[in-house]
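A quick write-up on the structure given underneath.
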Amino acid sequence: MSKKILNFKPILLLIICLVVFSCKKNTNNNQLQEPEKRQVVAVPLKYATGFEIEKYTDHTLIKIINPWPGSDKIYTYVLTENHLVTNRFTAFDAVINTPLSSVVVTSTTHIPSLEMLEVENSLVGFPNLAYISSKKTRQRIAQNKIKELGRNEAINTEVLIELSPDAVVSFAIDDDNKSLEIIKKTGIPVLINADWTETHPLGKAEWIKFFGALYGKEKEADSIFNSIERNYLGAKESAKKTTIKPTVLSGAMYKDVWYLPQGNSWAAQFIDDANGDYLWSNSKGTGSLSLNIESVLDQGQDAEYWIGPGQFTSKKQMLENASVYGQFDAFKNDKVFSFTNKKGATGGVLYYELAPNRPDIVLKDIIKILHPELLPEHELFFFTPVE
């Protein structure tokens with residue numbers, strides 16, 4: 001009996017050694033894998049300041065750091081490719097499986113990114129379909145492939161939930177959107193897109209990289225943006241070839257108050273890059289100024305050009321609204337240009353939808369207006385003379 005026990009001991013020792021060695025090996029593997037998971041590559045963003053993208057080995061993080069002006073809130077979204085939802089992802093605002101196969105967006109500015117990335121067929125719902133100008137997307141609306149979701153501030157959540165999209169991409173003006181909260185509770189991921197908060201023309205356009213990450217098309221998004229950037233910077237350089245800097249007036253009145261872009265705004269940047277002299281360029285802020293007519297007449301009556309006269313589409317319409325418009329030199333000399341004449345089939349203004357995504361075309365238009373000799377081949381795309 002004792003002999004059998006003695007013979008068993010070496011075998012037992014061997015088994016213990018193998019188990020211990022195996023545990024050590026597994027521990028070492030975990031130690032090697034953990035740093036790999038933590039490797040991060042930040043996607044370079046040159047102009048956009050409202051979001052960040054960090055790529056890890058097994059997931060991607062998108063951080064929205066300026067969801068609306070003056071906000072200190074940060075939204076963080078996790079993108080995974082294989083439904084990888086673990087405990088370490090529970091603290092984030094949403095976990096999204098990518099690439100998306102279906103989506104609801106709530107701003108027309110999102111649609112050009114989908115089309116440029118050739119994923120427009122994934123769009124299944126939108127609020128206020130009449131606002132959409134794109135011919136390609138309007139064709140899908142006519143085929144009943146995109147559902148009407150009501151008003152943006154009060155989305156028809158029943159229809160949206162029935163669509164069950166992979167994600168909803170919306171925007172926010174504050175942290176109180178009851179419709180979005182209802183959608184979140186159903187398990188449908190909701191992402192905030194803050195492209196509208198960007199003040200640099202190329203900053204808005206760079207948000208195509210946000211959609212590139214959602215669709216696994218980061219390379220395509222980067223290539224598209226680089227092309228837009230080259231076109232924009234090339235046009236800007238062309239504008240520098242002249243020493244002439246025409247004076248520019250903008251905006252119009254609403255209920256006796258004249259609203260025009262502040263000096264650090266998106267619209268003012270276009271005029272500056274087109275080598276124009278925007279008469280309120282020294283004003284601080286990225287929104288709009290609210291002025292009385294006397295102030296605008298005093299500073300802008302002699303302006304050579306008037307770009308963006310509100311929603312007006314004709315001189316007759318302007319005079320019917322306020323005869324004082326006729327006192328401005330730009331009005332008298334037929335140098336008023338509007339972007340509101342180009343509309344989609346149901347009345348949506350093309351500029352509002354496409355301009356944030358194609359600032360290169362906007363800049364070329366304004367250069368063509370102010371310095372027509374510099375871009376002889378370019379034909380106005382967004383802007384038309386107000387007649």
Side-chain angles (χ1 to χ4, degrees), residues 45 47-48 50-51 53 62 64 66-68 75 77 79 93-94 96 98-141 145-153 155-156 159-160 163 165-173 177 179-180 183 188-198 201-218 220-222 224-225 228 266 344 346 348-359 361-362:
L45 298 171
Y47 305 92
F51 76 110
I53 301 178
I62 295 182
I64 308 300
N66 184 34
W68 56 86
Y75 291 98
Y77 308 117
L79 313 185
D93 292 288
I96 303 97
T98 58
L100 299 182
S101 59
S102 61
V103 71
V104 164
V105 301
T106 66
S107 171
T108 58
T109 62
H110 303 159
I111 291 172
S113 288
L114 300 182
E115 293 186 350
M116 286 189 285
L117 291 171
E118 299 182 344
V119 293
E120 67 275 1
N121 288 343
S122 65
L123 181 62
V124 296
F126 186 88
N128 295 309
L129 287 174
Y131 287 152
I132 296 176
S133 302
S134 162
K135 291 181 180 179
K136 186 183 290 187
T137 298
R138 290 231 60 88
Q139 185 176 5
R140 295 191 67 243
I141 293 170
K145 293 180 179 179
I146 304 174
K147 298 296 183 184
E148 175 63 76
L149 297 177
R151 295 178 295 113
N152 189 60
E153 59 274 16
I155 291 175
N156 188 326
V159 175
L160 191 150
L163 288 172
D166 291 341
V168 173
V169 178
S170 189
F171 63 93
I173 57 173
N177 189 313
S179 295
L180 295 183
I183 296 165
I188 298 173
V190 175
L191 299 89
I192 298 299
N193 179 303
D195 58 357
W196 67 281
T197 66
E198 301 288 346
L202 288 170
K204 291 181 186 287
E206 200 163 20
W207 276 80
I208 192 172
K209 296 179 182 179
F210 169 91
F211 284 101
L214 294 178
Y215 285 92
K217 291 201 166 193
E218 293 92 337
E220 291 90 337
D222 193 56
I224 292 167
F225 174 74
I228 292 170
W266 185 63
T346 52
V349 177
L350 179 63
Y351 185 87
Y352 295 143
E353 179 175 308
L354 185 57
N357 297 270
R358 293 304 307 269
I361 301 177
V362 177

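Throughout, numbering of the chain's residues begins at 1 and tracks the sequence.
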Legend entry - Reported CG-to-CG distance for the pair L79 and L191, which is rounded to 0.5 angstrom: 7.5 Å
Quick one: side chains of residues 119-127, donor-acceptor pairs under 3.5 Å with protein atoms, not counting sequence neighbours, listed by atom name and distance.
unit_1, atom_1, unit_2, atom_2, d
N121, OD1, R140, NE, 3.3
S122, OG, V119, O, 2.7
S122, OG, Y215, OH, 2.7

Legend entry - Set of residues satisfying side chain to side chain donor-acceptor pair (under 3.5 Å) with respect to K145, sequence neighbours excluded: Q143
Inset, instruction - State, yes or no, whether a side-chain contact exists between L129 and I146 at a heavy-atom distance under 4.5 Å. - result: yes
Legend entry - Residues forming a side chain to side chain donor-acceptor pair (under 3.5 Å) with T109, sequence neighbours excluded: S107, D195
Legend entry - Nearest non-hydrogen partners of S170 and T106, listed with the distance: OG-OG1, 3.0 Å
Inset, instruction - Go through the steps for Y77 and I64 under the test side chain to side chain contact (heavy atoms under 4.5 Å, CB included), then give the verdict. - result: CA-CA 8 Å; Y77 308 117; I64 308 300; 3.6 Å; yes
Inset, instruction - Output the distance between atom CD1 (I155) and atom CG (N128), rounded to the nearest 0.5 Å. - result: 9.5 Å
Legend entry - E353: partners by side chain to side chain contact (heavy atoms under 4.5 Å, CB included), with sequence neighbours left out: T108, I111, P112, I132, S133, S134
Inset, instruction - Name all residues meeting the ring pair (Phe, Tyr, Trp, His ring centres under 6.0 Å) criterion together with F211; count only those two or more places apart in sequence or in a different chain, and write none if there are none. - result: H110
Inset, instruction - Check F51 against A48 and note the closest heavy-atom contact, atom names and distance. - result: CE2-CB, 3.6 Å
Legend entry - Nearest-0.5 Å distance, CD1 of residue I208 to CZ of residue F210: 12.5 Å
Inset, instruction - Assess whether side chain to side chain contact (heavy atoms under 4.5 Å, CB included) is satisfied between L149 and L163, documenting all intermediate values. - result: CA-CA 10 Å; L149 297 177; L163 288 172; 4.1 Å; yes
Legend entry - Shortest non-hydrogen contact between G212 and L117, atoms and distance: N-CD1, 3.7 Å
Legend entry - Closest non-hydrogen atom pair between S102 and P165, with its separation: OG-CA, 3.4 Å
Inset, instruction - Measure the NZ-OG1 distance between K217 and T98 for me, rounded to the nearest 0.5 Å. - result: 13.5 Å
Legend entry - Heavy-atom donor-acceptor pair, E206 side chain to Y47 backbone, under 3.5 Å: yes
Legend entry - Test side chain to side chain donor-acceptor pair (under 3.5 Å) applied to S101 - qualifying residues, sequence neighbours left out: D166
Legend entry - Closest approach of W266 to P201 (non-hydrogen atoms, all atoms of both residues): NE1-CA, 3.3 Å
Inset, instruction - Could you walk me through whether I188 and L160 pass side chain to side chain contact (heavy atoms under 4.5 Å, CB included), step by step? - result: CA-CA 10 Å; I188 298 173; L160 191 150; 4.0 Å; yes
Inset, instruction - Please name all residues satisfying salt bridge (charged side-chain N to carboxylate O under 4.0 Å, His left out) with R138, sequence neighbours left out, ordered by chain then number. - result: none
Inset, instruction - Check L45, I62, L214, I224 against K209 for a side-chain contact (heavy atoms from CB on, under 4.5 Å) and give me the one that passes. - result: L45
Inset, instruction - For K204, check salt bridge (charged side-chain N to carboxylate O under 4.0 Å, His left out) against everything at least two apart and list the hits. - result: none
Legend entry - Partners passing side chain to side chain donor-acceptor pair (under 3.5 Å) against E198 (at least two apart in sequence or in another chain): T49, W207
Inset, instruction - Return the set of residues passing side chain to side chain contact (heavy atoms under 4.5 Å, CB included) with N177 (not counting sequence neighbours), or none when no residue passes. - result: S179, L180
Legend entry - Taking every non-hydrogen atom, the tightest pair across N152 and F171: ND2-CZ, 3.0 Å
Inset, instruction - Return the set of residues passing ring pair (Phe, Tyr, Trp, His ring centres under 6.0 Å) with Y131 (not counting sequence neighbours), or none when no residue passes. - result: none
